[in-house]
Enquirer: 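Below is one structure. I have some questions about it.
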Amino acid sequence: MGMCQKLLLFAVLSFISLSVSAADRLKVLIIDGQNNHKWDITTPVLKNALESSGAFSTEVSTTPAKGSPAEAWKEWHPDFSQYAAVVSNYNGEPWPEAVRVAFDAYMKAGGGFVSVHAADNSFPEWKEYNQMIGVGGWGKRNEESGPWLYVKDGKLFRDTSKGNGGAHGKQHEFIVEIQNAEHPITRGLPSRWLHATDELYSRLRGPAENIEILATAKSDLTAENEPNLMVLSYGKGRVFHTTLGHADYSMLDRGFYETFQRGTEWVATGDTKMTGDVPADFPTAEKVSVLILDGHPKQSPPAPKK
Ligand code: ZN
């Protein structure tokens with residue numbers, strides 16, 4: 001093949017990959033509205049992460065504010081069945097029972113769910129939700145919620161000893177280590193990469209059924225390699241759980257973008273055909289790679305850990 005043909009082929013392939021028509025884009029619903037994090041600042045980053053891949057169209061559904069009357073909640077009832085995937089940027093009051101039942105039915109029937117950072121703090125009392133996310137933190141979670149997980153020499157350990165579920169130290173950059181390089185979400189990525197400043201969640205606890213650990217980071221608190229990228233099955237549904245993404249500066253990590261894009265495509269389709277190329281600017285074990293997005297980061301990262 002001559003150079004001109006190669007260039008032409010490259011141009012055609014590029015055109016194909018960028019020309020997913022609007023109708024073929026996977027429809028994703030992002031839920032926000034309550035969070036102990038700045039959801040109004042981070043939802044636009046999640047939206048950009050998905051839309052910039054060309055694979056998704058997104059809509060946002062914002063719940064009533066904390067303390068809203070029941071009448072306001074009656075108005076909030078997303079039609080989950082309209083979406084290939086649902087992303088939660090929500091950590092707050094319980095959803096109305098009708099919404100919980102509808103979401104559970106959507107997932108059991110083959111829906112896709114992505115839990116981002118503090119979304120796994122939500123709903124400690126909602127049994128099915130905890131089965132979906134596998135492990136969660138805070139909200140009085142403890143050994144009765146289930147084990148906390150860590151990986152040693154490629155083997156998953158489930159620690160059932162007494163203790164609270166959910167902890168983190170000061171924010172800092174940390175190494176994310178791939179534990180399963182065969183999965184469509186992690187395939188081809190460097191086995192270790194430096195993640196931008198973030199909270200490093202530790203001792204999350206939950207039922208941890210039908211769970212596969214894709215990546216871990218070494219906890220400051222336990223010195224164990226604890227999961228931060230996980231996949232689960234729930235009924236016919238698929239779940240991608242990332243503990244990363246405390247703030248906009250954490251989400252703008254190219255590693256976060258890539259794994260979030262792939263995770264969302266995977267829960268929607270079972271593969272990463274549209275998002276699975278490894279970007280040239282992916283972080284390495286030595287160097288973070290942070291994207292520039294207009295108006296971000298709006299939350300200044302804390303001073304680096306000494
Ligand atoms: Zn956080």
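Counting convention: from 1, in listed order, for ligands and their atoms alike. One is the number of the first residue; the rest follow in order along the sequence.
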Enquirer: Can you tell me if Ser202 and Asp220 form a side-chain donor-acceptor pair at under 3.5 Å?
Expert: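 No - no donor-acceptor pair under 3.5 Å links their side chains.
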Enquirer: From the Zn ion (ligand 1) out to just under 2.8 Å, does an N/O/S atom of His37 turn up?
Expert: yes
Enquirer: Could you identify the N, O or S atom of Glu199 positioned closest to the Zn ion (ligand 1)?
Expert: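 In Glu199, the heteroatom (N, O or S) nearest the Zn ion (ligand 1) is OE1.
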Enquirer: Under 3.5 Å, is there a donor-acceptor pair linking the side chains of His246 and Asp198?
Expert: no
Enquirer: When you measure from the Zn ion (ligand 1) to the N, O or S atoms of Asp198, does any of those distances fall below 2.8 Å?
Expert: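 False for Asp198.
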Enquirer: Can you find a side-chain donor-acceptor pair between Lys27 and Ser57 that sits under 3.5 Å?
Expert: no
Enquirer: Please report the interatomic distance CG(Leu229) to OG1(Thr242), rounded to the nearest 0.5 Å.
Expert: 5.0 Å
Enquirer: Looking at His246, pick out the N, O or S atom nearest to the Zn ion (ligand 1) and give its name.
Expert: ND1
